[in-house]
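Keep in mind it's a predicted model, so treat the numbers as computed, not measured.
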Number of protein chains: 4
Amino acid sequence: MSTADTPSASAGRKRADVRRNEQKLLDAAAAVFVRMGIDAPVREIAAESGLGMGTIYRHFPTRADLVVAVFRHQVDALAAAVDAAPTAGTPYEVLRQWVHRFADFLVTKHGLAEALHSDQAGFESLHNEFVERLMPVLDQLLKASAAAGYTRSDIRAYDFMLAVGNLCIGVENFPDYQARRMIDLLLAGLAQTAPASTGEEPEQRRP
Amino acid sequence: MSTADTPSASAGRKRADVRRNEQKLLDAAAAVFVRMGIDAPVREIAAESGLGMGTIYRHFPTRADLVVAVFRHQVDALAAAVDAAPTAGTPYEVLRQWVHRFADFLVTKHGLAEALHSDQAGFESLHNEFVERLMPVLDQLLKASAAAGYTRSDIRAYDFMLAVGNLCIGVENFPDYQARRMIDLLLAGLAQTAPASTGEEPEQRRP
Amino acid sequence: MSTADTPSASAGRKRADVRRNEQKLLDAAAAVFVRMGIDAPVREIAAESGLGMGTIYRHFPTRADLVVAVFRHQVDALAAAVDAAPTAGTPYEVLRQWVHRFADFLVTKHGLAEALHSDQAGFESLHNEFVERLMPVLDQLLKASAAAGYTRSDIRAYDFMLAVGNLCIGVENFPDYQARRMIDLLLAGLAQTAPASTGEEPEQRRP
Amino acid sequence: MSTADTPSASAGRKRADVRRNEQKLLDAAAAVFVRMGIDAPVREIAAESGLGMGTIYRHFPTRADLVVAVFRHQVDALAAAVDAAPTAGTPYEVLRQWVHRFADFLVTKHGLAEALHSDQAGFESLHNEFVERLMPVLDQLLKASAAAGYTRSDIRAYDFMLAVGNLCIGVENFPDYQARRMIDLLLAGLAQTAPASTGEEPEQRRP
DNA sequence: AATGAATGAGGTTTCATTCAT
DNA sequence: AATGAATGAAACCTCATTCAT
């Protein structure tokens with residue numbers, strides 16, 4: 001009666017603990033992933049989190065579950081970013097900014113870009129998660145830009161997304177590699193639409 | 001001059017055996033790398049080659065040594081290709097063809113593109129090998145194309161090489177991913193030189 | 001007199017709950033034992049019962065306690081069977097029927113016969129339970145049959161009980177094994193008493 | 001030439017070592033099986049043998065392989081025993097002696113009798129090994145005894161063998177259990193053939 | 001009294017690497 | 001020089017059991 005669904009002191013407390021532990025795990029995993037890559041030993045994550053190994057298995061039966069969970073937040077944010085942005089510029093510029101934000105995300109998570117394309121069994125779900133959440137967003141951006149005549153319309157969001165992801169690989173291991181420039185190059189290639197054919201487009205593109 | 005380094009009859013014979021074994025190992029490793037990836041168990045390679053594991057370690061103390069050796073031949077061929085090619089087209093076309101040949105090479109070697117950017121200790125030498133052998137070639141091609149006005153001149157061969165390599169990652173695991181189109185996009189970005197600023201360039205570019 | 005030990009209304013209610021839970025546990029355990037054997041994970045039983053694991057430990061601190069409790073009912077029934085039976089035949093026939101009923105019991109409980117002779121620490125109590133409850137019964141049957149001249153009198157109930165139990169082992173894993181025939185063989189061996197000592201017995205035995 | 005197939009010093013030595021190690025493993029496993037049962041940790045056996053765990057897996061990939069190997073010798077001896085014995089008595093007596101020797105074997109190997117009927121995956125091979133090697137022998141003994149009129153002819157060697165094996169279970173855990181007497185009881189049951197038909201047999205049986 | 005999250009010992013298995021022959 | 005047996009560290013995963021709520 002009284003305890004309806006108000007998180008009562010006792011029931012609520014327990015749930016809070018559990019959630020806190022899950023957060024600890026996610027934080028620890030994120031840290032360890034940065035330090036040792038996505039294949040880090042479970043024990044390492046357990047140690048980092050201060051929790052037991054069994055707890056990890058309870059929360060995330062599969063390594064992929066953990067990886068997906070670790071990054072879900074940021075993937076969500078990324079997916080939401082496109083709506084939040086107050087259309088700061090041309091569709092092409094919006095696209096460009098989002099792509100770089102995507103790259104930011106990948107680059108700051110050591111091993112994430114690599115894991116995205118891993119052939120390791122069990123990482124399909126990670127790949128899928130990204131594709132399902134982000135590809136629609138990117139697709140929308142690409143279509144808008146193409147519709148406005150800024151970019152080619154024959155590039156698939158899937159390919160483009162993976163390509164950007166791939167270009168981020170190795171940034172940390174080879175500090176001399178300038179992934180950003182390559183991403184810009186790819187974006188430039190996108191912009192190089194069948195240009196001078198009519199001559200009107202340029203004005204359209206650069207008003 | 002040529003045979004000068006043949007020691008004695010017996011020693012020479014030995015050397016032939018050794019060299020034959022080395023070749024066996026390289027062939028076996030190449031086959032296994034295709035089958036199981038670049039991280040295949042040493043024992044697997046030993047079995048494939050018909051030789052003992054100890055022999056592998058004698059010849060190639062480090063896994064990277066073996067990997068480098070396995071691909072050196074093809075790297076050499078790639079490096080030589082640029083001279084051999086009878087300038088079949090514009091510098092940009094030559095560049096384009098070489099880049100795709102490079103991609104061919106990476107894509108057909110399961111796991112090679114990945115290994116190139118691996119952070120696994122011991123794979124720097126593989127990276128270095130590629131950089132040392134191929135970057136000069138690519139640099140030359142880029143410079144030629146830029147000098148002829150086809151492409152931007154502010155792109156470093158190092159970045160471009162790694163970028164192309166990166167774009168090849170995942171081809172086998174995600175068959176839907178069309179790496180070639182993305183490589184072409186990158187090349188297109190390269191071509192999109194500082195464009196309509198003067199208006200003369202276009203003629204220069206497509207004579 | 002009878003309800004004298006009911007404490008207070010509230011406490012009594014509690015007790016009812018507790019008893020109900022205990023029954024749930026016993027039912028669940030019985031089901032799980034059949035499904036997964038006597039060593040089934042505690043969690044499995046908890047899940048089956050709808051109760052928590054801690055509750056199991058409260059009621060049955062030791063696995064053996066649970067096992068014993070699960071089967072106590074049927075052990076009791078078996079112990080009682082001898083009185084209930086309206087002496088349907090010769091003492092030997094009564095003995096034989098009881099032995100087969102005992103075998104029925106063991107065979108239908110997956111893993112019970114095995115557990116009875118397990119060296120796993122903690123199963124002594126199971127063994128003891130069986131010995132304490134059933135051996136007296138069997139002893140009585142054996143003595144009656146021997147006294148009537150049907151069977152040897154030099155066989156201990158303890159040995160015989162364990163032997164019958166043992167003969168039931170493997171019935172499920174090796175469907176070709178015909179435990180019943182072997183039990184009958186054992187019973188036949190029992191009947192082969194030191195024969196013609198007096199001369200009257202034989203007629204009595206095989207009329 | 002000279003090294004034909006004579007176990008040369010170098011080649012022969014290695015092989016000898018390997019064999020010696022295998023023997024060490026078998027001895028160690030036998031000891032550990034006695035001490036801790038047939039499910040003893042691999043590490044324990046490794047420790048006992050003074051060899052590494054990997055060596056065990058090399059020699060005996062499966063636990064069952066090891067178990068079978070440990071007991072093969074004695075199984076062989078048991079299988080051979082029937083021929084070696086200089087027919088010391090009636091067929092029934094020969095049968096009886098062999099059965100007891102079989103029991104000796106099982107009883108002295110802690111956990112063997114249990115393992116023979118284990119439902120643990122992977123022990124089928126142990127069961128099979130026993131059945132294949134020993135059942136024919138027992139079958140022959142049973143048939144001989146039956147043919148000479150000493151015993152019933154309707155008992156299958158398979159059942160009888162398993163029964164004897166079963167009766168040995170628990171000898172060590174329950175020192176009060178007299179398995180031998182039960183085996184004799186089973187044998188007695190076997191002998192109690194449809195006797196009184198002629199009346200001569202009894203004399204024949206107990207001269 | 002009940003719950004079930006957390007713990008971590010314990011067992012398994014794989015493979016890179018060494019080294020005696 | 002070649003061999004491959006041996007080693008053992010590492011990683012995985014499962015549950016019995018405890019204990020805070």
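Taking every side-chain heavy atom of A:Met53 into account, E:dG10 is the closest of F:dT3, E:dG10, E:dT14. Considering only the side chain of B:Val42, E:dA16 comes nearest among E:dA16, E:dT7, E:dA2.
Side-chain contact check for B:Val68 versus B:Phe130: every heavy-atom pair is 4.5 Å or farther apart. Residues D:Leu26 and D:Leu66 meet the side-chain proximity criterion, which asks for heavy atoms closer than 4.5 Å.
At whole-Å resolution of the value, CZ in D:Arg20 and C1' in F:dA6 are 14 Å apart. Atoms CZ (D:Arg58) and C1' (F:dT3) sit 11 Å apart, rounded to a whole Å. Across the protein-nucleic acid pair, A:Asp39 atom CG and F:dA10 atom C1' stand 14 Å apart, rounded to whole Å. Atom OH of B:Tyr57 and atom C1' of F:dA1 are 18 Å apart (whole Å). Taking atom CZ of D:Phe60 as the reference point, atom C1' of F:dA6 lies 15 Å away to the nearest angstrom. Straight-line distance from the NE2 atom of A:His59 to the C1' atom of E:dA5: 7 Å, rounded to whole Å. When the P atom of E:dT7 is taken as reference, atom CG of A:Leu25 falls 9 Å away, rounded to whole Å. One atom, CG of B:Asp17, and another, P of F:dT3, lie 11 Å apart when rounded to the nearest Å.
Using a cut-off of 4.0 Å between Lys/Arg side-chain N and Asp/Glu carboxylate O, A:Glu48 and A:Lys24 are scored as not salt-bridged.
Here the side chain of A:Thr55 pairs no donor or acceptor atom with the backbone of A:Leu51 at under 3.5 angstrom. Counting only distance, with no hydrogens or angles, the side chain of A:Arg43 and the backbone of A:Gly52 share no donor-acceptor pair below 3.5 Å.
Take the nearest nucleotide of DNA chain E for A:Gly50 and for C:Ile56: the residue whose nucleotide is more 5' is C:Ile56. Toward the 5' end of DNA chain F, the nearer of the two residues C:Pro41 and D:Asn21, judged by each one's closest nucleotide, is D:Asn21. Heavy-atom nearest nucleotides on DNA chain E were determined for C:Gly54 and for D:Arg43, and the one closer to the 5' end corresponds to C:Gly54.
Base pairing of F:dA5 is made with E:dT18, judged by Watson-Crick or G-U wobble geometry with both donor-acceptor distances under 3.5 Å.
Look at B:Thr55 and you'll find a side-chain N or O under 4.0 angstrom from OP1 or OP2 of F:dT3.
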